[in-house]
Amino acid sequence: SSGLGRASTASPDGMSGCAARSAAGSELDVRTTDSTVVADGGVAEEALDDEDEGRAEAPGAGHSETAVATAAAAAGAAGAGSIDAQTRDAQAPLRPKKKAVITFNASHSDYEAVAAVAEARGWRVVKDADKAASCNVHWIDDGTIPDWFKKTEPWMRVNHFPGMNNALARKTRLARNMARMQRLFTKAYQFLPPTWVLPDDIADLERRFGPDPAESKLIYIVKPDHLCQGKGIFLTTELQRMKNAAAEMRMKNESAVVQRYI
C-alpha cells in the first residue's frame, strides 16, 4: 500500500508478523494474519511478501531497471550539454544595438542655425515638407503651426505648445491677456507698464498725451506684433509718428504693441 511501509518477521507459531508505518512516520496499529495486513480503520491490504514474490516473477523486470538507468544517464548528458551551450552564449560578446536616427523637420524653419544645431546633435535634417510628416521633431517658424498640430503623433515633438500662438506668442495677444490679469489682480500685476495695441487703441493713446499732444516727455516703444530680433521696433516721443504707424498697420491688416519705455 502507498500509505504503509514493510517490516516482516516469522513468529514461532508459523504466522508472519508485520510492523507498518505511515509515510509521515506515525505508528499504525497493525493486526497480523496469514495472508493480509489489516491496518487500523479496517482497510485490508495484500501481504507485502506476496507483492515481492509477484515482482520477482514478473518477466523483464531487470531489463526495465537497466533501461531506466540508461535513460537517466542520457538525460544527464543532454542536460550537461545544454548547460555548456548556455555558458558559451553568456560568455559570447554582445553585439551593439543599432542606434536609431532622430529625424528633424526643418521644412518650415526660417533659420539655418536651427538646422545646424540639429545636425550637430547627429539628427537627420529633412527640408522637404512632403517627406517631413513622419519626423520625430518639427520646428515651425511660420503660420502652419495649427496644421502641424493636427498631424502630430504622441511620439513627436513640436517647438510650440497648443494655444501658445493665440495667447502668448504674439505680442498683441499677450498684451490683451496681461491687461485682463491686471484688472483681476491689480496689486500682483503692478509691474506692467501702460500698454496699448495699435491700431485699435490709438484714440486712448492720444488722450494719454493730454491737451498738447505734439510731443511727450515720456518715451514710448513700438513693437510689431509678429516680428522678432528687433525688426520694426522704434522709440519715440511723438504722437504723430505713432498715428502714422497705426494708419499704415490698418491698411496692411497688421498690429503692434505700444508701451511706455522704462
Side-chain angles (χ1 to χ4, degrees), residues 102-121 123-133 135-152 156-182 188-202 204-205 208 216 218-262:
I102 296 176
T103 52
F104 184 87
N105 174 18
S107 62
H108 292 267
S109 175
D110 295 336
Y111 311 101
E112 287 298 326
V114 174
V117 171
E119 291 178 346
R121 294 181 65 88
W123 299 354
R124 183 165 61 86
V125 176
V126 178
K127 295 187 177 182
D128 186 351
D130 295 334
K131 300 179 180 179
C135 286
N136 303 101
V137 182
H138 300 272
W139 192 281
I140 313 300
D141 287 326
D142 54 25
T144 62
I145 297 172
D147 297 333
W148 283 101
F149 275 134
K150 297 176 184 178
K151 305 174 184 178
T152 303
M156 296 178 179
R157 295 294 181 268
V158 185
N159 66 319
H160 294 275
F161 296 106
M164 185 178 71
N165 191 52
N166 295 328
L168 301 175
R170 291 297 181 91
K171 299 179 184 68
T172 56
R173 295 164 188 173
L174 176 61
R176 296 293 191 197
N177 286 322
M178 296 296 279
R180 293 189 185 100
M181 296 301 292
Q182 193 174 42
Y189 283 81
Q190 287 180 348
F191 64 90
L192 288 175
T195 305
W196 298 265
V197 174
L198 299 182
D200 298 340
D201 298 338
I202 187 62
D204 185 64
L205 180 60
R208 178 80 176 196
S216 171
L218 302 176
I219 301 175
Y220 293 88
I221 181 170
V222 182
K223 297 175 284 188
D225 182 43
H226 63 287
L227 298 181
C228 61
Q229 298 178 332
K231 299 174 183 177
I233 295 177
F234 63 90
L235 300 174
T236 185
T237 59
E238 299 176 6
L239 176 61
Q240 189 59 46
R241 184 176 181 185
M242 289 186 281
K243 291 176 67 175
N244 294 340
E248 184 178 353
M249 293 174 194
R250 197 180 299 276
M251 292 177 59
K252 295 181 178 180
N253 195 25
E254 296 178 348
S255 57
V257 169
V258 177
Q259 290 179 313
R260 203 186 93 187
Y261 188 71
I262 300 177

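Just so it is clear, the structure is predicted and the values come from calculations on it, not from any experiment.
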Student: Determine whether the side chains of Asn177 and Arg180 contain a donor N or O and an acceptor N or O closer than 3.5 Å.
Tutor: yes
Student: Looking at Lys243 and Glu248, is any side-chain nitrogen of the basic one under 4.0 Å from a carboxylate oxygen of the acidic one?
Tutor: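 Lys243 and Glu248: not salt-bridged.
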Student: Got Leu168 and Arg173 here, is their nearest side-chain heavy-atom distance under 4.5 Å?
Tutor: no
Student: Between Arg176 and Asp201, does any side-chain N to carboxylate O distance fall below 4.0 Å?
Tutor: yes
Student: Is the backbone of Pro193 close enough, under 3.5 Å, to the side chain of Arg260 for a donor and an acceptor to pair up by distance?
Tutor: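 Pair absent, no side-chain N/O of Arg260 close to backbone of Pro193.
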Student: Asn159 side chain to Ile140 main-chain N or O, any donor-acceptor pair under 3.5 Å?
Tutor: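 It does hold such a pair.
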Student: As an exercise, state the distance from CH2 of Trp148 to SG of Cys135, rounded to the nearest 0.5 Å.
Tutor: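 Separation between the atoms: 7.5 Å.
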Student: Do Phe104 and Val126 have side chains that get closer than 4.5 Å, going by heavy atoms?
Tutor: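 No, every pair of side-chain atoms sits at 4.5 Å or beyond.
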Student: I'd like to check the salt bridge (charged side-chain N to carboxylate O under 4.0 Å, His left out) partners of Asp110; sequence neighbours left out, ordered by chain and number.
Tutor: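 With sequence neighbours excluded, Asp110 shows a salt bridge (charged side-chain N to carboxylate O under 4.0 Å, His left out) to no residue whatsoever.
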Student: Would you say the side chain of Tyr220 lies within less than 4.5 Å of the side chain of Glu238, judging by non-hydrogen atoms?
Tutor: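 They are not in contact (no side-chain heavy atoms under 4.5 Å apart), so the answer is no.
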Student: Should Tyr111 and Asp141 count as side-chain neighbours, where that means a heavy-atom distance under 4.5 Å?
Tutor: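 The answer is yes, as the side chains (C-beta and beyond) meet within the 4.5 Å cut-off.
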Student: Counting only heavy atoms from other residues, nucleotides and ligands, does the tally under 6.0 Å from OH of Tyr261 exceed 12?
Tutor: no
Student: Got Thr236 and Ile219 here, is their nearest side-chain heavy-atom distance under 4.5 Å?
Tutor: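 Thr236 does not reach Ile219 side chain to side chain.
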Student: Carefully, step by step, assess Leu205 and Met242 under the rule side-chain contact (heavy atoms from CB on, under 4.5 Å).
Tutor: CA-CA 9 Å; Leu205 180 60; Met242 289 186 281; 3.8 Å; yes
Student: Thinking salt bridges, do Lys171 and Asp225 make one under a 4.0 Å N-O criterion?
Tutor: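 The answer is no: the pair does not qualify as a salt bridge.
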Student: Applying side chain to side chain donor-acceptor pair (under 3.5 Å), name anything that partners Asp142, two or more places apart in sequence or on another chain.
Tutor: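 Once residues adjacent in sequence are excluded, the partners of Asp142 under the side chain to side chain donor-acceptor pair (under 3.5 Å) criterion are His108, Thr144.
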Student: Please find the pair of heavy atoms, one from His138 and one from Ala132, that lie closest to each other, and give the distance.
Tutor: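 Smallest interatomic distance, heavy atoms only, reads CE1-O, 3.1 Å.
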Student: So do Pro194 and Arg208 actually touch side chain to side chain, heavy atoms under 4.5 Å?
Tutor: yes
Student: On a heavy-atom basis, which atom in Pro224 and which in Ala256 lie closest, and how many Å separate them?
Tutor: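 Of all heavy-atom pairs spanning Pro224 and Ala256, the closest is CA-CB, 3.9 Å.
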Student: Would you say Ile221 and Ile233 make side-chain contact, with heavy atoms under 4.5 Å?
Tutor: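 The answer is yes; the side chains approach within 4.5 Å.
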Student: Which pair of heavy atoms, one from Pro199 and one from Met249, lies closest together, and at what distance?
Tutor: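 Nearest pair, atom of Pro199 first, then Met249: CD-CB, 4.4 Å.
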Student: Answer yes or no: is there a side-chain heavy-atom contact under 4.5 Å between Leu174 and Arg170?
Tutor: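 SC-SC contact between Leu174 and Arg170 ruled out.
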Student: Can Trp139 and Asn105 be counted as having a side-chain donor-acceptor contact under 3.5 angstrom?
Tutor: no
Student: For Arg124, I'd like to know if atom CZ has over 12 heavy atoms of other residues, nucleotides or ligands within 6.0 Å.
Tutor: no
Student: Can you give me the closest heavy-atom contact between Pro162 and Phe149, atom names plus distance?
Tutor: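 Closest approach of Pro162 to Phe149: N-CZ, 3.6 Å.
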Student: Is atom CD of Glu119 surrounded by more than 12 heavy atoms (other residues, nucleotides or ligands) closer than 6.0 Å?
Tutor: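 Above 12, so yes.
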Student: If we ignore hydrogens and angles and just use 3.5 Å, is the side chain of Ser255 paired with the main-chain N or O of Asn253 as donor and acceptor?
Tutor: no
Student: Would you check, one step at a time, whether the test side-chain contact (heavy atoms from CB on, under 4.5 Å) holds for Trp196 with Asp204?
Tutor: CA-CA 8 Å; Trp196 298 265; Asp204 185 64; 2.8 Å; yes
